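Before any comments, here is the structure.
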Amino acid sequence: MDPQPGATPYSAPAGCPMHQQQTSLYGPEFAADPHRFYEAARTHGPAAPIELAPGVDATLIVQHEAALRVLQNPALFARDSRRWAALREGAVPMDSPVLPMMIYRPNCLFTDGAEHLRLRKAVTESLARLNSSRLSRDVERIADYLIDQFIERGTADLLNEYAKLLPLLLFNQLFGCPGDIGDRLTRSMSAIFDGEDVLRANAELTECLMELVSIKRRQPGDDITSWLIQHPAGLRDEELKDQLVMLMGAGVEPERNLIGNALLLMLAGEQPGAPDRRGSGMLVEDALDDVLWNNPPIANYATHYPVRDIELNGVVLKAETPVLISFAAANSDPGLTDARQTLSKGAHLAWGAGPHVCPAKSPATLIALTAIEKILNTVPDLSLAVPASGVAWRPGPFHRALIALPVRFTPTAARRASAGVQPPAQTSAQLPDPYRNASSAAPVTPRHAPEPAKKHKGWWSSFLDVFRV
Ligand code: HEM
């Protein structure tokens with residue numbers, strides 16, 4: 001992998017869109033049709049120059065084989081972003097929106113070698129203690145509770161009222177959060193994902209997780225926080241907090257997008273003129289598989305820093321510059337045609353690969369599967385309230401994420417949550433207007449407008465009121 005004399009960083013054909021203004025991965029054009037960008041990127045070879053945000057340059061690996069060479073070669077490609085030369089030299093805007101996803105933190109994602117092994121072992125061995133029957137039961141109860149909040153309306157935004165809240169509440173359960181801490185955790189994570197008052201939200205997140213660690217040290221439970229504390233790695237409080245933040249960050253956002261993207265795929269098949277996906281028996285498993293191949297929730301990430309100039313399939317990757325893997329482009333690499341879907345279902349890179357491969361593939365799949373089956377079985381006549389082509393995608397270089405997923409269905413009586421328990425206060429960070437940003441969406445009037453909440457409770461304590469877990 002030493003650079004060869006003929007190797008060149010980038011040799012794009014003249015007129016290539018990647019050499020005009022379209023190198024950026026952050027605008028609405030990219031969000032609307034990322035695969036057009038990946039095709040253009042392929043004209044450079046295995047890797048292309050990109051701009052992740054204004055003033056943040058990087059290289060994107062778009063070829064499947066090259067992606068594996070980077071992901072599986074930790075001796076040449078480090079994950080510790082303190083190696084990032086441009087950041088060290090002050091050439092990266094400190095208020096850049098991509099920094100929270102790239103800046104060094106002492107957790108699994110940003111560490112290498114022995115330190116990574118130590119942290120990862122604590123995380124994987126704690127996750128391995130999850131019981132899958134209990135996990136599906138927890139998902140079902142949270143799903144029931146969330147569905148109860150909108151089932152009498154006949155309309156909902158399945159992204160913001162279901163796919164987004166379900167993993168957030170589930171992590172409260174998995175971490176063993178008491179009501180108040182869970183409410184603050186949900187509120188602060190929601191605000192961080194939505195980019196709302198991020199500094200304050202981050203301070204609140206840190207504070208409540210430190211509180212949680214201190215409670216669990218005194219009173220351990222059957223939960224991930226306690227298992228991490230008990231792990232022989234002997235993590236300190238700060239380290240515990242950092243792994244918990246990472247688990248929520250790494251788990252909640254992709255889970256939301258896996259559920260949202262798969263629901264869109266299944267519901268789009270119900271629209272006139274579309275190939276019938278659900279009616280003709282598209283299984284939820286197949287929808288999840290399709291999303292992991294074609295719309296992976298983490299589209300471009302796994303930032304590596306070459307430890308020296310390295311030649312990769314004819315392209316030189318400069319030392320200490322960010323090199324990201326496009327999981328989405330690698331999956332659609334034309335060179336991979338034979339291995340796609342039919343021949344090798346698991347050949348996609350949606351879970352990553354190498355030492356940082358997702359340690360939560362099984363529970364993450366179970367969560368999405370259970371959540372999707374639950375909503376389809378509870379609300380059998382769900383249909384999209386907008387044309388599938390009208391749903392809008394959230395801009396940003398890292399994710400493949402819907403903005404909203406408006407649906408209609410026949411309203412029915414709620415079962416448990418509305419029977420005597422107030423729904424939580426609906427702040428903008430928690431429950432955006434279902435039809436906001438759904439471009440070209442015809443306005444939909446809810447058949448029953450939701451009652452304003454009388455008492456301001458958070459989502460987690462309201463859930464606990466219902467289920468007394
Ligand atoms: C639902 C869909 C999910 C997808 C598509 C997904 C995908 C991924 C990918 C691509 C990576 C590699 C990132 C990299 O190399 O930088 C990763 C890492 C990771 N994921 Fe997941 N993930 C999902 C859910 C979860 C959940 C639910 C959890 C936690 C319970 C989780 C925990 C982690 C952790 C801890 C890492 C870092 C591992 C390391 O750096 O050693 N993921 N995930």
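The shown structure was predicted, so the numbers you read here are calculated from the model rather than taken from an experiment. For ligands, and for the atoms within them, numbers begin at 1 and follow the listed sequence.
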Considering heavy atoms of the protein only, find what lies nearest to atom 35 (C) of ligand 1 and give residue, atom and distance to 0.1 Å.
Met246 CE, 3.4 Å

Check: Thr186/Asn172 side-chain N/O donor and acceptor closer than 3.5 Å
yes

Closest non-hydrogen protein atom to atom 12 (C) of ligand 1, residue and atom name please, with distance?
His356 O, 3.5 Å

Glu238 bridged to Lys241 by N-O distance under 4.0 Å
yes

Is there a heavy atom in Ala350 that sits closer than 4.0 Å to ligand 1?
yes

NZ/NE/NH1/NH2 to OD/OE distance under 4.0 Å, Arg187 and Asp183:
no

Distance filter < 2.8 Å from atom 21 (Fe) of ligand 1, protein N/O/S hits 1

Just by distance, do the side chain of Asp157 and the backbone of Leu405 share a donor-acceptor pair under 3.5 Å?
yes

Quick note on ligand 1: atoms under 4.0 Å from a heavy atom of Cys108 include exactly 39 (C), 40 (O), 41 (O)

Check this for me: does any side-chain nitrogen of one of Glu39 and Arg42 sit under 4.0 Å from a carboxylate oxygen of the other?
no

Phe171, portion touching ligand 1 at heavy-atom distance under 4.0 Å
side chain

Would you say the side-chain atoms of Gln243 pair up with the backbone N or O of Pro106, donor to acceptor, closer than 3.5 Å?
yes

Can you find an N or O of Thr303 that's nearer than 3.5 Å to an N or O of ligand 1?
no

Donor-acceptor contact present, side-chain Arg141 to main-chain Ser136, <3.5 Å
no

To the nearest 0.5 angstrom, please state how far the CZ atom of Arg69 sits from the CG atom of Leu312.
5.0 Å

State plainly whether the residues Arg129 and Glu125 are in salt-bridge range, i.e. N to O under 4.0 Å.
no

Considering non-hydrogen atoms of the protein only, which is the closest contact for atom 38 (C) of ligand 1, and what is the distance?
Arg120 NH1, 3.3 Å

Quick check: Glu255 and ligand 1, any N/O pair under 3.5 Å apart?
no

Can you list the atoms of ligand 1 that are under 4.0 Å from a heavy atom of His116?
39 (C), 40 (O), 41 (O)

Going by atom types only, do Tyr38 and Asn300 share a side-chain donor-acceptor pair under 3.5 Å?
yes

Can you figure out which of Leu109, Val252, Ile224, Asn107 has its heavy atom closest to atom 37 (C) of ligand 1?
Leu109

Given 3.5 Å as the limit, does a donor-acceptor pair link the side chain of Asp290 with the main chain of Ala262, or not?
no

Heavy-atom nearest neighbour in the protein, as seen from atom 16 (O) of ligand 1, with distance rounded to 0.1 Å:
Arg79 NH2, 2.3 Å

